[in-house]
Amino acid sequence: DIQMTQSPSSLSASVGDRVTITCQASQDITMYLNWYQQKPGKAPQLLIYDASNLETGVPSRFSGSGSGTDFTFTISSLQPEDIATYYCQQYNHPLTFGGGTKVEIK
Amino acid sequence: QLQLQESGPGLVKPSETLSLTCTVSGGSISLTTYYWGWIRQPPGKGLEWVGSIYYTGSTYYNPSLKSRITISVDTSRNQFSLQLSSVTAADTALYFCGRLRRGSAFDIWGQGTLVTVSS
């Protein structure tokens with residue numbers, strides 16, 4: 001199985017800050033990577049697919065980049081409604097998720 | 001607007017079989033391009049893919065659970081189901097069903113249903 005290592009596991013930032021989360025795959029997954037946002041008590045929501053494509057309806061302050069084994073998820077200007085846990089997910093079989101990054105407001 | 005809704009018992013005894021159904025409304029489960037899947041999340045922990053199914057019945061299971069899982073589809077009822085046998089406390093989790101676009105990304109999720117394994 002491909003292991004996905006996310007970092008940091010949690011972070012605290014101020015409104016308006018640029019926030020960056022990284023995800024590292026244990027082997028080359030080309031661009032087979034998605035990013036999700038999960039708010040407390042809710043189901044995850046797809047934000048970014050195929051490493052860098054913004055899902056329809058998702059604000060443009062969210063972005064993704066990377067290929068191979070190293071990927072980055074960025075919130076360009078953190079908003080209060082972005083408080084959530086973010087997960088990466090690769091889709092070589094079997095599908096696997098990263099451990100999550102909890103984002104809080106400072 | 002497509003919606004998914006999980007249903008099933010919230011409490012299962014150890015060694016018994018967990019059974020959940022996901023009902024798809026607002027669209028057909030028989031669309032090409034989409035798979036349908038189960039994901040679970042133990043309380044306070046991360047996400048784990050359980051398995052997926054295509055409307056034709058083709059299945060893909062998490063190898064760590066494969067010996068205990070059966071996922072089936074009923075296109076006439078627009079539903080797909082999960083059975084997980086020989087459950088233990090480690091199977092206690094919030095179980096989500098989801099639509100898996102091109103077999104790659106879960107783009108629509110159910111609200112989730114909590115299943116507790118306890119005697």
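Chain letters run A, B, ... following the sequence lines, proteins first and then strands; every chain starts at 1.
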With a 4.5 Å cut-off on side-chain heavy atoms, are A:Q38 and B:Q41 touching? yes
Tell me, out of A:P44, A:G98, A:G100, who's got the most heavy-atom pairs with chain B below 4.5 Å. A:P44
Selection from B:S64, B:A105, B:S104 maximising heavy-atom pairs under 4.5 Å formed with chain A: B:S104
Heavy-atom distance under 4.5 Å to chain B: side chain of A:D50, backbone, both or neither? side chain
Where on B:L100 is there a heavy atom nearer than 4.5 Å to chain A: the side chain, the backbone, both, or neither? side chain
Listing, residues 52-61 of chain A side-chain donor-acceptor contacts under 3.5 Å, not counting sequence neighbours, or none:
| unit_1 | atom_1 | unit_2 | atom_2 | d |
| --- | --- | --- | --- | --- |
| A:N53 | ND2 | A:Y49 | O | 3.4 |
| A:E55 | OE1 | B:R101 | NH1 | 3.2 |
| A:E55 | OE1 | B:R101 | NH2 | 3.0 |
| A:E55 | OE2 | B:R101 | NH1 | 3.0 |
| A:R61 | NE | A:D82 | OD1 | 3.4 |
| A:R61 | NE | A:D82 | OD2 | 2.9 |
| A:R61 | NH2 | A:D82 | OD1 | 2.7 |

All heavy atoms of B:G110 vs all of A:A43, minimum pair found to be O-CB, 3.3 Å
For A:Y36, which atoms come within 4.5 Å of any heavy atom of chain B: side chain, backbone, both, or neither? side chain
Minimum side-chain heavy-atom gap A:H93-B:W49 below 4.5 Å: yes
Heavy-atom side-chain contact between B:F106 and A:L95 under 4.5 Å: yes
Please look at A:Q90 and chain B and tell me whether the side chain, the backbone, both or neither of the residue comes under 4.5 angstrom of a heavy atom of that chain. neither
Distance-minimising heavy-atom pair for A:F97 and B:I39: CE1-CG2, 4.1 Å
Counting only non-hydrogen atoms closer than 4.5 Å, does B:F96 touch chain A with its backbone (N, CA, C, O), its side chain (CB onward), both, or neither? side chain
